[in-house]
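Values reported hereafter were calculated over all heavy atoms of this structure, with side chains retained and with hydrogens, waters and symmetry mates removed. The chains referred to below are lettered A, B, ... by the order of the sequence lines, with proteins before strands, and numbering in each begins at 1.
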Amino acid sequence: MPELPEVETIRRILTTGTEEAPSIIGQCVRTTELLWERTLAYPSPEEFARELPGQQVLGLGRRGKFLIIKFSQDSLVFHLRMSGDLGMSLVSEPARHDRLRVIFESGWVLSFNDTRKFGRAWLVKDPEELLEGLGPEPTSVELDGVCFGRRLGQKNRQIKPLLMDQHFLSGLGNIYTDEALFRAGIHPARLSWSLSEGEAERLLEAIRETLEDGIRHNGSSIDWVYRGGNFQNYFRVYQQTGNACPVCGQTIQKIVLGQRGTHFCEHCQPFKKG
DNA sequence: CCTGAAACCTGTCTGC
DNA sequence: TGCAGACAGGTTTCAG
């Protein structure tokens, strides 16, 4: 899926509008179209179709990888998973892979396009209920190096899968986790409790810097999922298997951890036991 | 508690 | 050219 920077980029685009499309804020719903039933996680298709028309968009939010569109009565929450995307257009007919559309009185259409059909949408009164199990935002001011280190110490898990666990920390996916671990000089298979206080502090900083960079470049566009961002041009290890490490020149390795392709530099990210 | 496999899907790329 | 298999930005569930 899109990870935190991609979701944040979409949130900003929908909020401010672009040269091609207006802001979604203030738009009033005329009707909805559900093109793939399983995309709607809640409520029933009938209730969804009945509930949304007439409601106006008040604002947009994001929590981890969830995008929240606040309407006058309800909130429409999206999780884009692997291939989801959201955008405004004037097209009257659904595009290939459009799964859910919200048609506004103005004629503009919000389309949820999702090739792999893993994405989900919820229309709820209170998004908090849906999001309560999520770990802290990486940028939360309440999360400091000491606190982060303490939480790492309470777990006996490989650091990479732990960072990707949305109950532990929200927003990181495969790309940004590999990039952050490289930046922090930490081997992805290190056990979480084995990190020193200094390493934990450096890791949290690296996570924040990596996400900021991603957002600054409007996220990453890879494979056939192009969203206009260009952070993919700044990957240091992700998808760089066989290439020279930008820091030391040693060959970037690829292994599998937690069923996910994992890229790192053996020299810059040495494996250390406890 | 922790790890790995499988499931949910479609599309692309690689190798025979 | 054709086809099988691997792999892909994620999450959940289940077995061991």
Side-chain angles (χ1 to χ4, degrees), chain A residues 1-11 35-42 62-67 77-86 95-100 112-122 130-135 138 151-181 188-194 207 210-211 213-215 217-242 254-263 274:
Chain A
M1 140 66 288
E3 307 180 33
L4 189 155
E6 288 75 31
V7 179
E8 178 61 19
T9 299
I10 291 170
R11 189 192 69 77
L35 300 133
W36 180 254
E37 245 186 59
R38 298 192 64 173
T39 294
L40 184 64
Y42 185 89
R62 181 193 56 73
R63 178 77 172 82
K65 303 176 191 174
F66 288 85
L67 183 78
V77 182
F78 286 97
H79 195 301
L80 280 47
R81 295 280 181 97
M82 293 288 265
S83 58
D85 197 5
L86 276 166
R96 184 161 146 90
H97 302 139
D98 275 356
R99 309 302 180 195
L100 188 157
F112 177 61
N113 189 279
D114 181 26
T115 305
R116 291 177 71 179
K117 299 179 175 171
F118 289 160
R120 291 292 179 267
W122 298 257
L130 195 62
L131 309 171
E132 66 184 358
L134 282 179
R151 297 186 65 227
L152 290 177
Q154 290 164 353
K155 297 285 183 183
N156 177 33
R157 292 179 60 182
Q158 293 175 320
I159 189 69
K160 162 157 173 172
L162 180 60
L163 292 177
M164 288 181 64
D165 183 339
Q166 303 298 300
H167 301 288
F168 181 77
L169 187 70
S170 59
L172 286 181
N174 209 30
I175 294 177
Y176 294 92
T177 304
D178 279 3
E179 293 295 320
L181 285 168
R190 288 274 304 277
L191 288 174
S192 53
W193 54 263
S194 77
I207 289 168
T210 305
L211 292 173
D213 277 3
I215 292 170
H217 293 288
N218 301 314
S220 316
S221 308
I222 63 176
D223 294 338
W224 71 98
V225 185
Y226 180 77
R227 295 200 169 73
N230 66 335
F231 187 62
Q232 68 279 8
N233 298 326
Y234 301 88
F235 291 165
R236 301 187 197 178
V237 287
Y238 185 78
Q239 284 188 342
Q240 303 305 308
T241 315
K254 182 176 179 183
I255 59 172
V256 175
L257 284 182
Q259 297 188 91
R260 310 305 299 275
T262 299
H263 315 73

Sequence neighbours excluded, the answer for ring-ring contact (aromatic ring centres under 6.0 Å, His included) partners of A:F235 is A:F231, A:Y238
Notebook entry, point to check: Do the side chains of A:R120 and A:R38 get nearer than 4.5 Å, heavy atoms only?
Noted result: yes
Its dot-bracket string being built from Watson-Crick and G-U pairs below 3.5 Å, with | for another strand and [ ] for crossing, DNA chain C has the pattern .|||||||.|||||||
ring centroid sep under 5.5 Å plus plane angle under 30, A:F118 with C:dT11: no
Applying salt bridge (charged side-chain N to carboxylate O under 4.0 Å, His left out) to A:R11 and not counting sequence neighbours gives A:E8
Hey, does the side chain of A:Y176 come within less than 4.0 Å of C:dG9's phosphate (OP1/OP2), counting only N and O? no
With sequence neighbours left out, the residues meeting ring-ring contact (aromatic ring centres under 6.0 Å, His included) with A:F66 are A:H79, A:W122
note: A:Q232, atom CD; C:dG9, atom C1'; distance rounded to Å ~ 12 Å
Expressed in whole Å, how much space separates the P atoms belonging to B:dC13 and C:dG9? 15 Å
A:E132 meets the side chain to side chain contact (heavy atoms under 4.5 Å, CB included) criterion, sequence neighbours left out, with none
Query raised in the report: Taking only side-chain nitrogens and oxygens of A:K117, does any of them come within less than 4.0 Å of OP1 or OP2 of B:dC8?
Result: no
Hits for salt bridge (charged side-chain N to carboxylate O under 4.0 Å, His left out) against A:R190, two or more places apart or cross-chain, chain-then-number order -> A:E199
Worksheet item: Does A:H97 put a side-chain nitrogen or oxygen below 4.0 Å from OP1 or OP2 of B:dC9?
Response: no
A:L172 CG to C:dT11 C1', in whole Å, measures 15 Å
Could I get a table of every N or O pair under 3.5 Å where one atom is in the protein and the other is in nucleotides 2-4 of chain B?
residue : atom : partner : partner atom : Å
B:dC2   : OP1  : A:N156  : N            : 2.6
B:dC2   : O3'  : A:N156  : O            : 3.4
B:dT3   : OP1  : A:Q158  : N            : 3.3

For this session: Quick one: label A:R38 by what it contacts on the DNA or RNA (base, sugar-phosphate, nothing), any heavy atom closer than 4.0 Å.
Result: sugar-phosphate
Tightest non-hydrogen contact, residues A:L152 and A:S192, listed as O-OG, 3.2 Å
**OP:** State whether A:Q166 places a side-chain N or O below 4.0 Å from either non-bridging phosphate oxygen (OP1 or OP2) of C:dG10.
**Re:** no
Give me, pair by pair, the N or O atoms of the protein and of nucleotides 13-15 of chain B that are less than 3.5 Å apart, along with how far apart they are.
none

Whole-Å distance, A:N113 CG to B:dT10 P, equals 13 Å
For A:T177, the side chain to side chain donor-acceptor pair (under 3.5 Å) test, sequence neighbours excluded, returns none
Whole-Å distance, A:F78 CZ to C:dG10 P, equals 19 Å
Does C:dT11 have OP1 or OP2 under 4.0 Å away from a side-chain N or O of A:H79? yes
Residues at least two apart in sequence or cross-chain that pass side chain to side chain contact (heavy atoms under 4.5 Å, CB included) with A:W193, listed by chain then number, are A:N156, A:L191
When rounded to whole Å, the CH2 to P distance for the pair A:W122 and C:dT11 reads 10 Å
Taken to the nearest whole Å, CG/A:L162 to P/C:dT11 is 14 Å
Rounded to whole Å, the CZ-P distance (A:R260 to C:dG9) equals 5 Å
- Under 3.5 Å: donor-acceptor pair, side chain of A:S83, backbone of A:D114: no
Taken to the nearest whole Å, CD1/A:I215 to C1'/C:dG9 is 15 Å
Side-chain donor/acceptor of A:Q166 to backbone N/O of A:M164, under 3.5 Å: yes
The salt bridge (charged side-chain N to carboxylate O under 4.0 Å, His left out) partners of A:D165 (sequence neighbours excluded) come to A:R157
Whole-angstrom distance between C:dG2 and B:dC9, as gauged at atom P = 29 Å
Can you see if the side chain of A:R116 gets near the phosphate of C:dG9 - specifically, an N or O under 4.0 Å from OP1 or OP2?
no
Practice prompt. Return no unless some side-chain N or O of A:K254 is found under 4.0 Å from OP1 or OP2 of C:dA8.
Written response: yes
Exercise. Expressed as a whole number of Å, how far does the P atom of C:dT1 sit from that of B:dT10?
Worked result: 26 Å
Sequence neighbours excluded, the answer for ring-ring contact (aromatic ring centres under 6.0 Å, His included) partners of A:Y42 is none
### Task
May I ask you to verify if any side-chain N or O of A:K65 is less than 4.0 angstrom from the OP1 or OP2 atom of C:dT11?
yes
